[in-house]
Q: 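Structure incoming, see below.
Count residues from 1 along the sequence.
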Amino acid sequence: MVPGMLWMLLFACLVPASPARGNLVVVPQSPVLEIGSNFTATCVIVNGKDLTANDLYWNLSKTTVPEEHYTKINSTAVSVTIAVTGEKKEWLYCHSRRVSPINPRGSTHGILLKKAYPPGKPENLSCQATQEKSLIDSMSCWWDPSGRQTSDAPTTYTLTVVVLLSERNYTQETNKNTVSIEKMEVYPFHMNLDIWVEAHNILGRAESEHLQQEADWFVKTNPPSPIKVISEESFPTSLLTRWTPPIHETYMQLVYEIRLCAQGDHNWTYVPLTDTGKNINSFRLQKLRPGTLYTVQVRCRNARPGPYWSNWSANATNTTAEDKPSSKPNLWKIVTKDGWVQLVAKDPTFSNGRITSFDLKIEPLNDNLKNGSAVWEKILVNTSATGSGSGGHNLLKRVLLNDKPMKISVTAINSVGASPSASLVIPVKMFEPPPVEDLEVRPHGDQLELRWKPSGRRAASEFVLEWTIGDQVDWQRESRGTTRGLIEGNLERFVCYNISVYPIYSGWIGKPLTKQAFLEQGVPSEGPVVVVKDRPGHNEAVLVWKEIPQHKRRGFITNYTIFYSSGSNLHSITVPANVTSYSLRSLSGNTKYDTWIVASTIKGSARGFNHSFTTQKYAAGEIEAIVVGVSLLFFFIVLIMMLLCIYKEDVIKKSLWPQIPNPGESTIGNWSPDYPIKAESPKDNCVSGITVLTVDVCDIKCVSEDDKASLTLKRDKYLSEEHSSGIGGSSCMSSPRHSVSDSDEGSDVADTTASTVQYSSVVAVSGYKGQTPSSKLTQVIFSRSESTQPLLDSEEHPDEVMVGSRQSQNAPQEASLTEEGGGQPAGGALDFDPIMEEPGTSEESHLVAPASTYMPQPSGYRPQ
């Protein structure tokens, strides 16, 4: 037991870098553990007087290991066993539960657990000896590592090459899976080699399978060189090939492989090994096409079946001798936009040389043709035109179709002879044979695959597959009976092709069936450009846009999405791909909108430029309706006013244009024809037409009693009538008033109508004519006149005309009229006293009638 304790103490002294605190030591220190195994560590108490094994416990990283994994070795040592999992490093700690004044946190010691995998056995060991110039002095080997590795236990490989029956062996160490042995001095031809590789790390070693072969088996020679290809005039279908072996036959016996490719072909043709698998240095290639350029390559390897062929030699090219064409030219027609037909042809598939010209014959199909009606023409081939091998074609002639079908015959000519004739019949449209049915086109790798069904009415002799892009046209032919074809041309991605299938019926071209197709679709390179058609309305706008150009669509347009917004309100509408205009409705009036269109394919979308427009403030016809409504309203108002003017003409006329009485037309001057008119000077601002007569008392006395009675009756009569007050005080501009005409005077004046107006006048009588008037008696006589003029304002108020004559006894005899009063006398209307029944009153004899406001009457006074 004592030596064991010393060993543990020695370990504790060798671990100064471990995280330790106190008197504990864990062994072993910093081990590399195999992942998947179990590991046991021991914790030993060193110089711990108060510590025992019962005070110890284990932590793996931050997790306490359960006590069932502990093993108590003695009173000062405890071990723990754990399973090694994961690839990350971990710390294993041994702790004490007891603390002391010297070590208040207790004792601790830990070890770092490193994890790794044991080395795996190398697999698939291969080696190759490569020729450099004329020598072979190195060997390279490679293998597949097995198992897993970690950084804590890297794997190292050692390659060993042993020359059997010899003392020579070569070793090389590496940490990769490939290694080379350089400078092997003389390569051991015709001797056997034993080769293996060993993998090793800290956890162990592993050795690969041994590879034992003859040294020649590992050799990869250089390719044969130089290669010569010889054309022979007498053998237009063959080429003679010669080469030089890369290594002398004393070291190795070689076999060869040859491949060739005609110009325009995309695949190599290999010569069978049964013909070339010999130690030879020349070979005649046969069954070639005359006049065709060929490329030839050769490679070699050990005659004993070895794994390594040399690389292919550099290209060697030559052209076989020409022969006359053995196949027909590929004749076709292209219809142009202006209605013409271009006759085109590709070189025959087996042209056997360079085609220099074409013989063209155009013959209208008509039963009544005479000899010589066919057109023969020789078309020289442009040297810049490419043949059928590269997809090019030769333009033969440009002809105009007529109402008769035409038969075209073409032969291709080279330096040796002419090809078989190819013919084609171009029918008029109304006589085109039926097309194929159910054409489908879909991508197939880098090609387009076409499938169709032949017409059930007639069997086609062959089919022509035509594809166009813009003005570029190409075609190929498929044999009869087929319903599938692959376009062999170099097609581009994101390009739309027009694919057509033409059935050929014994030379007659049938009606084509055409579809569009893309080899690969993409996102459009630009979006549609949208504009507003005409002017936007009040709540609608018609958007129109042009289709994206074909070369920028990059796919089939699946739909368009219209976006339009006014401020923060964004709306979208999706329409089909065949729609190029749309009417936006339910817009707001007098509002600015931004709109754009997004075009979509199956691969994505492209947005066009924004376009702005503003809707109208008023809807269509709204302004016209307002104008028409206002006009009709104004018309009705005018019409109503006119009708009111017609039916209320008298009221309007009296309100707007009142009639002014014309005193000059009054008949008051005719009341007393026996008395001459006494002229009075007119007052200012008034026309005076009333003459005041003064009659003396003595004159009145001389009047007979009959006259007095008559006068009295006359006076009473007038007084009994409606009182015509205010005559004496009425202004010449006073308002009129109608008066009832006297029946006694109806024979003198024609006033039977309602417009006849009577006026009254006052005559003051103081005596007979020529007599001196009496100062005691002045008699006032009321007399009424008939006139067509309306009454004055003073006449409309008869109650005012009788204002006390007592007030006028001391008043002046004449009343003056003022201009400002509108024709009314100053101080109010003039008053008259009625004629008294009792003559002789002194006060009444002095009454004098005021000056009349009427013009003088030309006819004098009316008789009494």
Side-chain angles (χ1 to χ4, degrees), residues 224-243 256-273 275-276 282-299 312-332 344-359 379-396 410-422 447 462 465 474-479 486-490:
S225 64
I227 306 298
K228 295 182 180 179
V229 179
I230 302 170
S231 175
E232 300 173 305
E233 293 292 336
S234 57
F235 300 100
T237 61
S238 67
L239 288 173
L240 180 61
T241 306
R242 295 182 182 275
W243 61 85
Y256 299 91
E257 185 176 21
I258 302 174
R259 66 180 183 182
L260 68 159
C261 178
Q263 185 181 21
D265 290 345
H266 302 287
N267 299 315
W268 291 96
T269 301
Y270 292 83
V271 178
L273 286 176
D275 297 334
T276 60
S282 65
F283 188 81
R284 184 181 296 277
L285 301 173
Q286 299 179 359
K287 298 181 180 180
L288 305 181
R289 298 199 300 262
T292 304
L293 178 66
Y294 283 92
T295 300
V296 180
Q297 291 181 345
V298 182
R299 68 177 180 174
W312 288 101
S313 67
N315 290 345
T317 60
N318 205 340
T319 304
T320 56
E322 289 193 0
D323 196 2
K324 69 178 182 179
S326 58
S327 62
K328 301 176 183 179
N330 192 349
L331 177 63
W332 190 236
V344 292
K346 294 181 181 179
D347 293 349
T349 304
F350 303 103
S351 59
N352 299 338
R354 189 179 71 84
I355 302 300
T356 58
S357 64
F358 290 91
D359 279 347
I379 310 298
L380 297 178
V381 173
N382 187 354
T383 56
S384 63
T386 58
S388 61
S390 58
H393 55 264
N394 301 285
L395 175 61
L396 303 181
V410 174
T411 56
I413 301 173
N414 64 8
S415 61
V416 178
S419 69
S421 176
Q447 298 175 323
E462 61 179 335
L465 312 184
D474 204 352
W475 71 94
Q476 68 185 45
R477 293 179 180 270
E478 299 291 338
S479 60
L486 288 174
I487 293 180
E488 299 175 355
N490 295 324

Q: Please examine the side chains of T319 and S231, heavy atoms only from C-beta on, and report whether any two atoms are closer than 4.5 Å.
A: no
Q: Could you tell me whether the side chain of N414 and the main chain of D323 form a donor-acceptor pair under 3.5 Å?
A: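 Yes.
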Q: Are the ring centres of W475 and H393 closer than 6.0 Å?
A: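 Yes; H393 has its ring centre under 6.0 Å from that of W475.
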Q: What do you reckon, are the aromatic ring centroids of Y256 and W243 less than 6.0 Å apart?
A: yes
Q: Can N394 and I355 be said to form a side-chain contact (heavy atoms from CB on, under 4.5 Å), step by step?
A: CA-CA 10 Å; N394 301 285; I355 302 300; over 6 Å; no
Q: Could you tell me whether R284 sits above the aromatic face of F235, with NZ or CZ closer than 6.0 angstrom to the six-membered ring centre and within 45 degrees of the axis?
A: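 Yes; both conditions hold, so R284 lies above the ring face of F235.
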Q: Please check this pair: side chain of S327 against backbone of F350, looking for a donor-acceptor N/O pair closer than 3.5 Å.
A: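 Side chain of S327 to backbone of F350: a pair is present.
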Q: I'd like to know if the side chain of T295 and the backbone of N315 have a donor-acceptor N/O pair within less than 3.5 Å.
A: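 No, because the side chain of T295 does not come within donor-acceptor range (under 3.5 Å) of the backbone of N315.
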Q: Looking only at atom types and distance, does a side-chain atom of S419 sit under 3.5 Å from a main-chain N or O of A412, one as donor and one as acceptor?
A: yes
Q: Within the distance-only criterion (no hydrogens, no angle test), does the side chain of T320 pair as donor or acceptor with the backbone N or O of G291 below 3.5 angstrom?
A: yes
Q: Heavy atoms, side chains only, cut-off 4.5 Å: are W268 and Q297 in contact?
A: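 When only atoms from C-beta onward are counted, Q297 and W268 do touch, with a gap below 4.5 Å.
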Q: Can you find a heavy atom in the side chain of L285 that is under 4.5 Å from one in the side chain of V271?
A: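 The answer is yes, as the side chains (C-beta and beyond) meet within the 4.5 Å cut-off.
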Q: List the steps and the verdict of side-chain contact (heavy atoms from CB on, under 4.5 Å) for E478 and E462.
A: CA-CA 6 Å; E478 299 291 338; E462 61 179 335; over 6 Å; no
Q: Can you tell if the side chain of I227 reaches within under 4.5 Å of the side chain of T241, non-hydrogen atoms only?
A: yes
Q: Look at the side chain of S357 and the backbone N and O of I413, then say whether any donor-acceptor pair between them is shorter than 3.5 Å.
A: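 Not confirmed, S357 side chain does not pair with I413 backbone.
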Q: Taking atom CD of E322 and atom OG1 of T292, what is their separation to the nearest 0.5 Å?
A: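 Interatomic distance, E322 CD to T292 OG1, rounded to 0.5 Å: 9.0 Å.
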Q: So do N352 and V416 actually touch side chain to side chain, heavy atoms under 4.5 Å?
A: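 In short, these two side chains do not touch, never coming nearer than 4.5 Å.
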Q: Salt bridge check: are K346 and D474 linked by an N-O gap of less than 4.0 Å?
A: yes
Q: What's the spacing between L331 CG and T411 OG1 if we round to 0.5 Å?
A: 11.0 Å
Q: Using atom types as modelled and distance alone, determine if a side-chain donor or acceptor of Y294 lies under 3.5 Å from a backbone N or O of R289.
A: yes
